[in-house]
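A quick write-up on the structure given underneath.
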Amino acid sequence: MTIVCEDLKIIKGIANSNIALLKYWGKSDVMKNIPDMPSISINLANLNSYVELKTDITKQLILNDKPIDNHTYARWNRVYKAISSKELNQIDLGINANNNFPTSAGLASSASGMAAMTVALNQYYGLNLTMSEMSRVASKGSASAARSIHGGFVETVISKGQSSDMHAEQLVDENYWKLSILICVTDSSKKKVSSSEGMQLSKKTSELYDSWVRLSKNIISDGRQALLAKDFEKLSFYTELSCMCMHAVMMTTRPELYYWNPTTLRIITLAKELRKKGIPVTFTIDAGPQVKLITEPDFTKSIEDALNEIDGIEKVIESSIGEGAYCESF
Ligand code: PMV
């Protein structure tokens with residue numbers, strides 16, 4: 001394999017996190033990370049992962065200033081192997097990864113991390129992969145990582161059968177529709193059940209799982225239409241339908257997966273009240289108690305003022321639709 005940038009000391013991959021407006025939960029192939037249904041996401045500006053490849057150090061694997069644990073090793077190894085065909089324990093580099101937002105708290109830190117690592121390794125090995133090819137590599141780390149390669153509004157593409165595979169494609173870029181996102185952090189501690197573990201349990205035990213797989217396909221096609229038409233009201237409807245159906249599946253999993261806390265519910269109620277007052281706002285929640293509110297930029301301030309009245313919010317992170325993953329070297 002050609003390494004084109006031996007003279008460089010540090011290669012830094014930078015990628016934003018993303019949230020799915022129209023979600024996936026459950027996989028047809030766990031080893032290959034292939035979801036049972038597609039998803040549509042938005043890239044989140046300001047929520048970044050930085051992955052530095054240090055060419056003057058070997059085998060030092062660090063995440064947020066600590067050596068990585070076995071779970072993270074397995075994830076990184078899948079991405080490293082997809083790009084280099086080697087195991088991570090043979091690496092001739094140091095990897096130093098950092099997130100500027102809470103890790104493993106339902107804010108897709110693994111998505112941005114794996115996307116940032118993919119763009120950095122692509123540069124180090126001089127592979128010149130296209131964004132779609134890099135998305136396929138990142139998907140080995142987590143399915144949502146495939147989406148963080150691209151900026152703007154992104155949809156996953158799943159091929160089933162013998163050579164089953166997944167990657168994501170950009171639907172429209174970050175300038176298509178200026179939306180504002182308020183991420184309400186209600187508990188930044190690490191979630192008790194990881195997404196990968198949770199979705200396997202749901203597939204095995206939730207009575208609602210099969211209906212969710214069927215329904216989510218319709219939600220995606222109707223939601224995509226609403227998005228492309230910039231119809232906020234319709235997009236809100238499908239965003240919340242997708243979120244609530246996914247959480248119904250989680251809650252009917254055995255043992256049950258309640259990712260919410262009381263503040264989560266307070267924020268949902270607030271969003272509905274604000275909407276009655278004519279403010280365009282919709283919410284979504286992933287595998288954690290944080291609520292992401294999506295609105296149009298003119299309404300950000302009034303929503304922030306209303307959030308100030310709610311107990312239990314640790315902090316609100318402001319975001320907008322961000323750009324795709326990229327690399328810097330020095
Ligand atoms: O692909 P993962 O392991 O990051 O899981 C993502 C699961 C959800 O965030 C709950 C849904 C989604 O589509 O992002």
Side-chain angles (χ1 to χ4, degrees), residues 15-44 47 49 71-72 74-76 78-79 99 101-118 135-150 153-158 166-168 181 183 190-203 206 209 212-213 216-217 219-220 223-224 238-251 253 257-260 264 283-292 294:
N16 294 331
S17 178
N18 73 80
I19 43 168
L21 299 180
L22 312 174
K23 298 183 185 298
Y24 98 91
W25 185 255
K27 290 176 191 165
S28 59
D29 187 329
V30 174
M31 297 307 289
K32 289 168 97 180
N33 260 341
I34 316 259
D36 257 333
M37 67 284 285
S39 53
I40 293 183
S41 63
I42 48 178
N43 180 299
L44 294 177
L47 275 80
S49 288
H71 177 77
T72 306
R75 208 190 269 287
W76 288 22
R78 288 198 300 268
V79 170
N99 303 317
F101 61 97
T103 301
S104 303
L107 295 174
S109 54
S110 61
S112 45
M114 293 301 89
M117 186 176 296
T118 303
S135 168
R136 185 167 287 116
V137 170
S139 79
K140 310 295 177 207
S142 77
S144 60
R147 302 183 311 227
S148 265
I149 290 286
H150 300 284
F153 300 78
V154 178
E155 179 165 355
T156 56
V157 181
I158 298 167
M166 81 153 292
H167 73 283
I181 301 102
I183 297 151
K190 205 170 159 168
K191 60 192 167 213
K192 289 186 190 73
V193 182
S194 72
S195 302
S196 336
E197 211 184 318
M199 48 183 96
Q200 268 179 268
L201 267 181
S202 295
K203 184 165 180 162
S206 170
Y209 189 81
W212 156 242
V213 175
S216 61
K217 288 175 187 156
I219 295 180
I220 290 277
R224 185 194 308 107
Y238 291 112
T239 296
E240 291 176 20
L241 183 62
S242 172
C243 171
M244 298 314 271
C245 289
M246 181 184 78
H247 282 275
V249 172
M250 291 165 162
M251 288 176 192
T253 296
L257 297 168
Y258 288 113
Y259 284 111
W260 301 4
T264 313
F283 65 84
T284 188
I285 305 149
D286 292 283
Q290 334 313 345
V291 184
K292 291 94 178 190
I294 298 126

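Remember, it's 1-based here, ligands and their atoms both numbered in the order they're listed.
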Pair N16, S112: side-chain N/O donor-acceptor within cut-off below 3.5 Å: no
First-shell residues of ligand 1 [heavy atom, distance under 4.0 Å]: A20, K23, Y24, W25, S142, A143, S144, R147, S195, M199, M246, D286, A287
Candidate list I285, I183, T284, test side-chain contact (heavy atoms from CB on, under 4.5 Å), partner V291, passing option: I285
Any donor-acceptor N/O pair, Y259 side chain to V193 backbone, under 3.5 Å: yes
Within-4.5 Å side-chain heavy-atom neighbours: I40 and Y238: no
Backbone of S194 reached by a side-chain donor or acceptor of H71 within 3.5 Å: no
Flag, side chain of S148 to backbone of S144, donor-acceptor distance under 3.5 Å: no
